[in-house]
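Everything on this sheet refers to the single structure shown next.
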Amino acid sequence: MPPTDADAAVDPASTPFGSRDSPTNPRDPGASTDNEETLDLRLTGELLTLYEAATTPRATVTHSGGAVPSADAMPSVGRFPSAGAGAGAGAEATPMSTATEDLLDHIATWAPVSTPAGALHLAPVRIDRDVPLISRWMNDPAVAEFWELAGPPDVTAKHVRTQLDGDGRSVPCLGVLDGIPMSYWEIYRADLDPLARHYPARPHDTGIHLLIGGAPDRGRGVGGALIRAVSDLVLGNRRSCARVVAEPDLRNTPSISAFLTAGFRFSAEADLPAKRAALMIRERALRHAL
């Protein structure tokens, strides 16, 4: 995840929040990929019909918002590279609920939320409009260290498109503060993500990855305020979600500090494929106490 607040022990201008460490693997997060055992079951015609109805892929719904003003590069946060897609080999192995369900409860319709830094709105990313700005952020050395998406705009476009073309378990968004896009977020179903193999996941656990675009917004408490606001948005709009989770790199002290400031608690260390992470959790039951 991206760099956090100035109060942290590490220079927030040089360490972004979070990191890109969760390999995309849309298979059932609870299942092992090694030595799997299967049963050859013969289904009746009626059962086959019910099965096909229950597993028919959902139609992709694209939400488009109004134009978002451009802004200078801003600080970034990292992520666990998986949250994204649902496309690709093995994608069909993850169970779905219904053919019309939105896995993240229509993020495009979530209202702006007030923060100490201004009004924050999550605007789902549009590749044609937003990739140049996000790519510029990804090429900030402080961001690139954790996200590992530095390079031409095509690198960022591929990363974003993988999520947009997936089954909706991860939604990339711009964080628009008082009308200015200044951060990048990925809101994802942690319980359907490979991350779920590394901690005791619960149904509808929702994860966040973030990146704060420009250095002027880093190190002055903005990160913690925005993380709290976005986790409040998740809990306020996803009634089935009892916990918001994050997994910043254990070395990313500013990021961990920002999550603690935002009301998350440190739950455990987790060995993920590309990093050792600090598992951070914010629970609905403690939402107003921390």
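These values consider heavy atoms only, across backbone and side chains, with no hydrogens, waters or symmetry-generated copies.
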Using 0.5 Å steps for rounding, measure from the [atom1] atom of [X] to the [atom2] atom of [Y].
X	Y	atom1	atom2	value
D167	L192	CG	CG	7.5 Å
L260	R282	CG	CZ	12.5 Å
R169	I187	CZ	CD1	16.0 Å
I227	S183	CD1	OG	10.0 Å
T206	R189	OG1	CZ	6.5 Å
D249	L272	CG	CG	9.0 Å

For [X] and [Y], which heavy atoms make the closest approach, and how far apart are they?
X	Y	value
A196	D191	CB-O, 3.8 Å
R220	P216	NE-O, 2.8 Å
A278	L250	CB-CD1, 3.7 Å
W137	L174	CZ3-CD2, 3.9 Å
L235	C241	CD2-O, 3.7 Å
L103	G168	CB-O, 3.7 Å

Seminar exercise, completed: By salt bridge (Lys or Arg N to Asp or Glu O under 4.0 Å), D105 pairs with (sequence neighbours left out) R238

Exercise. Under the 3.5 angstrom rule, does the side chain of N139 hit a backbone N or O of S135 as a donor-acceptor pair?
Worked result: yes

Problem set entry | Main-chain N/O of G179 paired to H121 side chain as donor or acceptor, under 3.5 Å | no

Exercise. What's the verdict on side chain to side chain contact (heavy atoms under 4.5 Å, CB included) for H209 and W185, showing C-alpha distance, side-chain angles and the deciding distance?
Worked result: CA-CA 6 Å; H209 300 135; W185 302 76; over 6 Å; no

Using a 4.5 Å cut-off on heavy atoms from C-beta on, say whether the side chain of [Y] contacts that of [X].
X	Y	answer
E247	L195	yes
P172	L164	yes
D130	P181	no
H204	R243	no
I134	L149	no
V125	Y184	yes
D102	I107	no
R251	F146	yes

Problem set entry | No-hydrogen, no-angle side-chain donor-acceptor test under 3.5 Å, S170 and Q163 | yes

For this session: Go through the structure and list residues passing side chain to side chain donor-acceptor pair (under 3.5 Å) with S114, not counting sequence neighbours.
Result: none

For this session: Classify the angle between the aromatic ring planes of F264 and F259 as parallel (below 30°), tilted (30 to 60°) or perpendicular (above 60°).
Result: perpendicular

